[in-house]
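Some notes on the structure that comes next.
Residue numbers start from 1 in every chain, and the chains themselves are labelled A, B, ... in the order their sequence lines are given, proteins ahead of strands.
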Protein chains: 2
Amino acid sequence: MKKSSLEDVAKALGVSKTLVSMVLNGKATQYGISKKTEERVWKMVEEMGFKPNATARKLRTGKSNVLGLIVADISNPFYAKIARSVEDAANKKGYHMLICSSDENPKREADLISILADQHQVDGLIVSSTLDDPQMFDKLTLQKTPFLLLDREFASGLFPSVTVDNRKGAEMLVQHLLDKGVNNIGLITLSPSHLSTLKDRITGYKDALKKNKIELKDALLREVSFENLREDIIKEVDFLLSAPHKVRAIFALNNLVALYALEAIHHKGLKIPQDVALVSFDDIELFRFTSPPITAISQPLEQLGEHAMEMLFGLMNNKDKEGVENGTSTNGHRVVLPVELMVRNSCG
Amino acid sequence: MKKSSLEDVAKALGVSKTLVSMVLNGKATQYGISKKTEERVWKMVEEMGFKPNATARKLRTGKSNVLGLIVADISNPFYAKIARSVEDAANKKGYHMLICSSDENPKREADLISILADQHQVDGLIVSSTLDDPQMFDKLTLQKTPFLLLDREFASGLFPSVTVDNRKGAEMLVQHLLDKGVNNIGLITLSPSHLSTLKDRITGYKDALKKNKIELKDALLREVSFENLREDIIKEVDFLLSAPHKVRAIFALNNLVALYALEAIHHKGLKIPQDVALVSFDDIELFRFTSPPITAISQPLEQLGEHAMEMLFGLMNNKDKEGVENGTSTNGHRVVLPVELMVRNSCG
DNA sequence: AACAAAATCTAAACCGGTTTTGTTTACTTT
DNA sequence: AAAGTAAACAAAACCGGTTTAGATTTTGTT
């Protein structure tokens, strides 16, 4: 049983495929097709179970109703949740998602962008980029591929983006620790260290210290590598908790770091928050269930998805009009969403 | 800056697009194209940054290098991990994934299957199905769309599938409880109750009781609805823990149920495992971090993905040969992977 | 130098839709 | 009754590749 084509339907009715196509696209009236014929078409389409071939349609019209999403790792609950919210928002408009994981590998991400944009030519692209160099996105801009940076952006601020207030969030977290009387705070970030999220969080950390007139000790800012997370974190937790630093709190810059830090602390037989406090940027469900539950910055993941889609559709629709309108580029559109401090019991 | 096409490249070189196409597909030698010409083509392709249009290619060849994956919810860590392992296996063969969430909604899933198979015509489809009726899959079989059931299968066993030994896993879990001296065990399953995974796990529960000559009390098998999980679970946990049943352990049939049950138990001010034991089918990272860590059945998620891809590729390759070969249908291929009991501290 | 064979490359059809342009037929209008 | 005008539909071009069926050039042979 082969699938039936437009032509099959047309032949079965003794009409042209033009006519069938017009009916299916709701242009029957516009092209003066009689009500009677239109009904015959619909009936036959139903009867033969005809479904238009999206590939053929895409080739002619340039529209596939497929969007690309590139994240570091779809199995990380943070991105999984984002993906879901993006998917839901996309579905509402009749779109589906090609989802890819870059594994924080710039080469891989560049390849994925090219595959999705140049080869598959998705209608739009959402990237939580691990790239250092914005040239891929300059290229997308030139090619007029509608795209959007999600969660992470570039320093230039030249591209459309939907992000979260990382700087403010980090400051809130550190301020919370200071309010609890903890002021010797180690920070664990991770490579690739050029990511805007990480840089902004570190800035937030410094902001808080400065506002409270606390001296910044560079030795307390530790960086672990994404490829060697677990071991590196064990090492750094050890470093921070031993003399001479004897830190009283650890600020994990994302949920993965927090998780491994938690393990490392437990493994050393230390108690949270008695021996050391632990806070995390990125709240994940897990943190409500750990012992103790971990204080973290919660990001509005559903809103990230919704805003991203809204903006991306804006870009997609403006694509044609661009240049015809005025000089106001659709670039430069940026949304920064507020975050929330979830106070739990990991800070005493 | 518009993307360049095959024809652009051909014109720039003063050759036919046939030739360029052949070179790009590695058929230069086969079609007797001179080494010199071939090199000129590669150079120009590189220079012009030509990337073949996957849509046009798909229309002619029928191959898109895109696979579909339908799961209940990509934000559920269980499916997120599966998606990732499937993605990795697919990538290795040059494929990418269209990922959709059905939300355990049969209508939605049927729509998604049709969109992916009939409209987008993905090269292959992997479904963790929430459907009760196998007719959609009969249709796919007739249409010769290569597909595979993942995690959940149908009673008939007629479709290719990669699953996990749910029955045995549940039995192991219950046996573990019995070994610990806990023998009044409540079970919480969820709707839709026709899912093979849930049914098999319930059978496993019964197997264990039977082997240990323990009377099965139907009242201890509780079902909560997917749409109303949290509240239903609070209610059922309450029911099981109160007179007259006063259950000593709760067997949560998946990770979501376990999570909410854990919350409900904590909320009642009860201690695990002193007051009640808790075990879960589906191990998720979170269970290592809860207090206490939860004993669970761990499923080999990476292997699920790998086996799924291997089988799907087998089906995709046999598609053409089918009928030419012999009567041995590729249907009926089924893989059942073993599970592992992760003993932690939630059973005393 | 003539002709077959081999080597190299091209024109055109095709995939299945959408869109542009063209053609019938019936109906007015004068 | 001839000309003009809608109304209703169809033919053909197009999207950008791949593939089939030729076409042309080069080489080899006598």
Side-chain angles (χ1 to χ4, degrees), chain A residues 2-41 44-45 48-66 115 117-121 123 143 320, chain B residues 2-41 44-45 48-66 115 117-121 123 143 320:
Chain A
K2 345 138 208 181
K3 289 154 201 153
S4 45
S5 70
L6 241 201
E7 187 143 31
D8 296 336
V9 176
K11 271 183 183 158
L13 284 168
V15 299
S16 71
K17 56 182 194 164
T18 309
L19 191 152
V20 180
S21 170
M22 285 165 166
V23 170
L24 263 78
N25 290 305
K27 297 177 177 170
T29 316
Q30 176 186 341
Y31 285 102
I33 287 156
S34 72
K35 272 275 163 282
K36 203 170 49 184
T37 310
E38 182 175 358
E39 271 165 32
R40 286 206 310 138
V41 170
M44 184 59 79
V45 163
M48 298 178 70
F50 170 76
K51 305 277 172 179
N53 178 328
T55 307
R57 179 177 275 177
K58 156 92 186 161
L59 185 57
R60 179 69 229 242
T61 64
K63 269 208 60 176
S64 60
N65 279 31
V66 170
I115 289 171
D118 300 334
Q119 307 197 194
H120 288 295
Q121 299 187 192
D123 295 346
Q143 287 178 190
D320 329 303
Chain B
K2 344 137 206 179
K3 289 155 200 151
S4 46
S5 70
L6 242 201
E7 189 143 30
D8 296 336
V9 176
K11 273 184 182 157
L13 284 168
V15 300
S16 71
K17 54 181 194 167
T18 309
L19 192 152
V20 180
S21 169
M22 285 166 168
V23 170
L24 263 79
N25 289 305
K27 297 178 177 169
T29 316
Q30 176 186 341
Y31 285 102
I33 287 156
S34 72
K35 272 275 163 284
K36 204 172 49 186
T37 309
E38 182 176 357
E39 269 165 34
R40 287 207 307 137
V41 170
M44 183 59 78
V45 163
M48 299 179 71
F50 169 75
K51 305 278 173 179
N53 178 327
T55 307
R57 180 176 273 175
K58 156 91 186 163
L59 185 57
R60 180 68 228 244
T61 66
K63 269 207 60 176
S64 60
N65 280 31
V66 170
I115 288 170
D118 300 335
Q119 307 196 193
H120 289 294
Q121 300 188 189
D123 295 345
Q143 287 177 190
D320 329 302

**Prompt:** Side chains of R57(B) and K63(B): closer than 4.5 Å at any heavy-atom pair?
**Reply:**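 Of all side-chain heavy-atom pairs linking K63(B) with R57(B), none is under 4.5 Å.
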**Asked** Any side-chain heavy atom of P52(A) within less than 4.5 Å of one from L6(A)?
**Response**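 No, their side chains stay 4.5 Å or more apart.
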**Prompt:** Is a side-chain donor-acceptor pair under 3.5 Å present for N65(A) with Q119(B)?
**Reply:**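 The answer is no; no qualifying pair exists.
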**Prompt:** Does any donor atom in the side chain of S34(A) or T37(A) lie under 3.5 Å from an acceptor atom in the other side chain?
**Reply:**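 Yes, because at least one side-chain N or O of S34(A) sits under 3.5 Å from a partner of the opposite role on T37(A).
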**Prompt:** Taking protein heavy atoms under 4.0 Å as touching, what does nucleotides 6-16 of chain C look like 5' to 3' if B marks base contact, S marks sugar-phosphate-only contact and - marks none?
**Reply:** --BBBBBBBBB
**Prompt:** Across the strands shown, which category fits K27(A) at heavy-atom distances under 4.0 angstrom: base, sugar-phosphate, nothing?
**Reply:**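 Sugar-phosphate contact only.
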**Asked** Are there more than 12 heavy atoms of other residues, nucleotides or ligands under 6.0 Å from atom NZ of K51(B)?
**Response**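 12 or below, so no.
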Separation of [N] [atom2] from [X] [atom1] (nearest whole Å):
{"X": "R40(A)", "N": "dA8(D)", "atom1": "CZ", "atom2": "C1'", "value": "12 Å"}
{"X": "K35(A)", "N": "dA8(D)", "atom1": "NZ", "atom2": "P", "value": "10 Å"}
{"X": "E7(A)", "N": "dA10(D)", "atom1": "CD", "atom2": "P", "value": "12 Å"}
{"X": "L13(A)", "N": "dA10(D)", "atom1": "CG", "atom2": "P", "value": "10 Å"}

**Message:** Between E39(A) and K36(A) (salt bridge meaning N to carboxylate O under 4.0 Å), is one present in this structure?
**Reply:**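 Salt bridge: no.
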